[in-house]
Asker: 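Could you have a look at this structure, given as structure tokens, before my questions?
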Amino acid sequence: MRIAIIGAGQATATLLQTLIRGEFAGTLTVFHDEGPRPVQRPPLSKTFFKTKTADWLVPDDLMQHPQIRWIHRTVTAIDPDAGHVIWDDEHDSFDHIVLATGTRSLKPTIEGASQDTCHTLRTLADAEAILKRITPETQVVIQGSGFLAFEIAHALATTVASVSLLLKTDRAMPQVSEVIATALMEDCPATCYPDTQIEYIQPEMAKLHTSKGPLACDLIISAIGSVPNAELGAPWGLTDQYGIAVDATMQTAHPRVSAMGEVASFPNPHTHRTQRIESIAQANDTAQVLAARLLGNPQPFQATPWFWSDQGAHKLQIAGLATRDDQSTVITHGDNTRVVARHQGEQVTAIEALNQAREFMAARRLFEQGPMNLSDLMQAGSAFSLLQSSRS
Ligand SMILES: Cc1cc2nc3c(=O)[nH]c(=O)nc-3n(C[C@H](O)[C@H](O)[C@H](O)COP(=O)(O)OP(=O)(O)OC[C@H]3O[C@@H](n4cnc5c(N)ncnc54)[C@H](O)[C@@H]3O)c2cc1C
């Protein structure tokens, strides 16, 4: 079997590893367009500005594996009926095509901004471009309210003169409960400006005009979200409103095409909704589901969703998946620690653990055992105690 994989991110790294370990008998051709060798994304917003080094995503043995061919080109089209993958003015034929194209950063249009003054952070090239522009005198403004914006604020705080963070609304990190978001906001080294919109920039005066007045600014980093790279599937009717639509085994509507990672929109068994999720765990779990099918052992997606973010010295870990409207109940609250249950009525949808790795691990195991009840969790006093009692 000849398989083409388009994109060489986290999902592809896991797919390759799992297929080779599973003694896949065919050939794997990977098309990638992000520098000569794929790198891990999470360190780019956490440690890169200090270490100035990136971590390889794919180990040497896979880069040189005789079954894997690497083609450093952007794929411009696919023809699933013919099995064709098309790039530049070349094409090749495959038995199966995997779309693992991920997402790209949403780029705002800011009056007065040039490529030098306005940046996003997704790739190693993006991180290197920011690094080139910063000095101890640089005044950085970050636009965004999510984990990434806050991670970048922590990462740059000791390297530049000032970091300002412009939040779209008065709520930081809307993905988590207010209790956790407030704790993280209090320890954020940036000056935060809630409910603040950018109007225009005057780079020659190092001034950014916002809805709340002018701000000193040499450099803007926008972390305002991303859009799926789903264009290759669109002409073939393989997309939905979120990305490339797949079933629980990562199969699209075309028998020759699969999708995985954060471009894949799939029926989530935990939320009973069609969703596209951006996380390392999701990239790994969808890749493993696809690998199992390609190895002849199809299994539907069942993994418990989980996520982590390093906010300076704080480690946030989330097991499960809450919607923004889910209720929040604090389970434990220490000096530096919090555990919060997110729930819809009695049904626990996620557990958020701040600097509580043991609670997070216990919560993940509980989710793997099936639905969790809020009263049981409250009675036990912690996810760890509930896990222990469920075992005895
Ligand atoms: C700075 C940063 C920090 C992050 N930190 C965390 C974290 O702490 N925790 C966490 O859980 N998640 C984190 N994430 C999210 C996580 O990295 C992603 O969810 C994950 O990498 C997605 O993997 P993927 O393989 O689906 O896509 P990607 O890793 O985006 O890979 C897709 C690849 O496909 C390539 N491609 C697209 N179109 C084509 C084409 N036509 N031809 C050839 N190649 C193409 C793209 O250029 C890209 O290289 C972070 C993301 C970023 C950007």
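All values below come from the heavy atoms of this structure, side chains included, with hydrogens, waters and symmetry mates left out. Both counts, for ligands and for their atoms, begin at 1 and track the order of listing. Sequential numbering from 1 along the given sequence is applied to the chain's residues.
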Asker: Can you tell me if Arg73 contacts ligand 1 (heavy atom of the residue under 4.0 Å from the ligand)?
Answerer: yes

Asker: Ligand 1 versus Phe147, non-hydrogen atoms closer than 4.0 Å: side chain, backbone, both, neither?
Answerer: neither

Asker: Any idea how His254 and Trp236 line up, ring-wise: parallel (<30°), tilted (30 to 60°), or perpendicular (>60°)?
Answerer: perpendicular

Asker: Could you list which atoms of ligand 1 come closer than 4.0 Å to a heavy atom of Gly7?
Answerer: 33 (C), 34 (O), 35 (C), 44 (N)

Asker: Going by heavy-atom distance to atom 37 (C) of ligand 1, choose the closest among Ile318, Thr101, Ile277, Ile78.
Answerer: Thr101

Asker: Can you check whether a protein heavy atom sits less than 4.0 angstrom from atom 14 (N) of ligand 1?
Answerer: no

Asker: Ring of Phe384, cation from Arg358 - is the NZ or CZ under 6.0 Å from the centre and inside 45° of the axis?
Answerer: yes

Asker: Give me the residue, atom name and distance of the protein heavy atom closest to atom 4 (C) of ligand 1.
Answerer: Pro42 CA, 3.7 Å

Asker: Both conditions, 6.0 Å and 45 degrees, for the charged tip of Arg2 above the ring of Phe94: are they met here?
Answerer: yes

Asker: Under 4.0 Å from a heavy atom of Glu278: which atoms of ligand 1 are those, numbered in the order shown and with their elements?
Answerer: 19 (O)

Asker: Atom 25 (O) of ligand 1: which protein heavy atom is closest, and how many Å away?
Answerer: Ala11 N, 2.9 Å

Asker: What do you reckon, does Arg41 have a nitrogen or oxygen under 3.5 Å from a nitrogen or oxygen of ligand 1?
Answerer: yes

Asker: Between Ile6 and ligand 1, which part of the residue brings a heavy atom under 4.0 Å of the ligand: side chain, backbone, both or neither?
Answerer: side chain

Asker: Ion pair present between Lys46 and Asp310, side-chain N to carboxylate O less than 4.0 angstrom?
Answerer: no

Asker: State plainly whether the residues Arg73 and Asp88 are in salt-bridge range, i.e. N to O under 4.0 Å.
Answerer: yes

Asker: For Phe360 and Trp308, what are the C-alpha separation, side-chain angles and deciding distance, and is it a ring-ring contact (aromatic ring centres under 6.0 Å, His included)?
Answerer: CA-CA 10 Å; Phe360 162 74; Trp308 92 95; 9.7 Å; no

Asker: Would Leu232 count as a polar contact of ligand 1, with the cut-off being nitrogen or oxygen pairs under 3.5 Å?
Answerer: no

Asker: For Val75, is at least one N or O under 3.5 Å away from an N or O on ligand 1?
Answerer: yes

Asker: Between Tyr200 and His209, how do the two ring planes meet: parallel, tilted or perpendicular, split at 30° and 60°?
Answerer: parallel

Asker: I'd like to know if the side chain of Gln67 and the backbone of Ile20 have a donor-acceptor N/O pair within less than 3.5 Å.
Answerer: no

Asker: In this structure, does ligand 1 have an atom that sits under 4.0 Å from one of the heavy atoms of Lys46?
Answerer: yes

Asker: Indicate yes or no: does Arg338 engage Glu186 in a salt bridge with an N to O separation below 4.0 Å.
Answerer: no

Asker: One thing to verify: whether Asp247 and Arg293 come together as a salt bridge, which I'm taking to mean a side-chain N less than 4.0 angstrom from a carboxylate O.
Answerer: no

Asker: For Met205, look at atom CE and say whether over 12 heavy atoms of other residues, nucleotides or ligands are found less than 6.0 Å away.
Answerer: no

Asker: Evaluating non-hydrogen atoms only, which member of His72, His32, Arg122 is closest to atom 30 (O) of ligand 1?
Answerer: Arg122

Asker: So is there a nitrogen or oxygen of Ile280 less than 3.5 Å from a nitrogen or oxygen in ligand 1?
Answerer: yes

Asker: Determine whether more than 12 heavy atoms belonging to other residues, nucleotides or ligands lie under 6.0 Å from atom CD of Gln202.
Answerer: yes

Asker: For ligand 1, which atoms sit closer than 4.0 Å to a heavy atom of Gly261?
Answerer: 26 (O)

Asker: Could you tell me which atoms of ligand 1, counted from 1 in the order shown, lie closer than 4.0 angstrom to a heavy atom of Gln10?
Answerer: 21 (O), 23 (O), 25 (O), 29 (O)

Asker: Counting from 1, what ligand 1 atoms have a heavy atom of Ser279 closer than 4.0 Å?
Answerer: 11 (O), 12 (N), 19 (O)

Asker: Could you pull out, from Glu34, Arg276, Glu262, Gln282, the option with a heavy atom nearest to atom 22 (C) of ligand 1?
Answerer: Glu262

Asker: Enumerate the atoms of ligand 1 whose separation from the nearest heavy atom of Phe307 is less than 4.0 angstrom.
Answerer: 9 (N), 10 (C), 11 (O), 12 (N)

Asker: Name the closest protein heavy atom to atom 36 (N) of ligand 1, giving the residue it belongs to and the distance to 0.1 Å.
Answerer: Asp33 OD1, 3.6 Å

Asker: Can you sort out which atoms of ligand 1 are near Ala283, meaning under 4.0 Å from one of its heavy atoms?
Answerer: 23 (O)

Asker: Specify the protein heavy atom at minimum distance from atom 27 (O) of ligand 1: its residue, its atom name, and the distance to 0.1 Å.
Answerer: Gly102 CA, 3.5 Å

Asker: Salt-bridged, Arg133 to Glu128, with N to O below 4.0 Å?
Answerer: no

Asker: As a check for students: among Leu148, Leu15, Val39, identify the option with a heavy atom nearest to atom 1 (C) of ligand 1.
Answerer: Leu148

Asker: If you round to the nearest 0.5 Å, how far is SG of Cys188 from NE2 of His154?
Answerer: 5.0 Å

Asker: Counting non-hydrogen protein atoms only, what is the nearest one to atom 3 (C) of ligand 1? Give residue, atom name and distance.
Answerer: Ser45 OG, 3.3 Å

Asker: State the atoms of ligand 1, each with its element, that fall below the 4.0 Å cut-off from a heavy-atom position in Ala100.
Answerer: 32 (C), 33 (C), 34 (O)

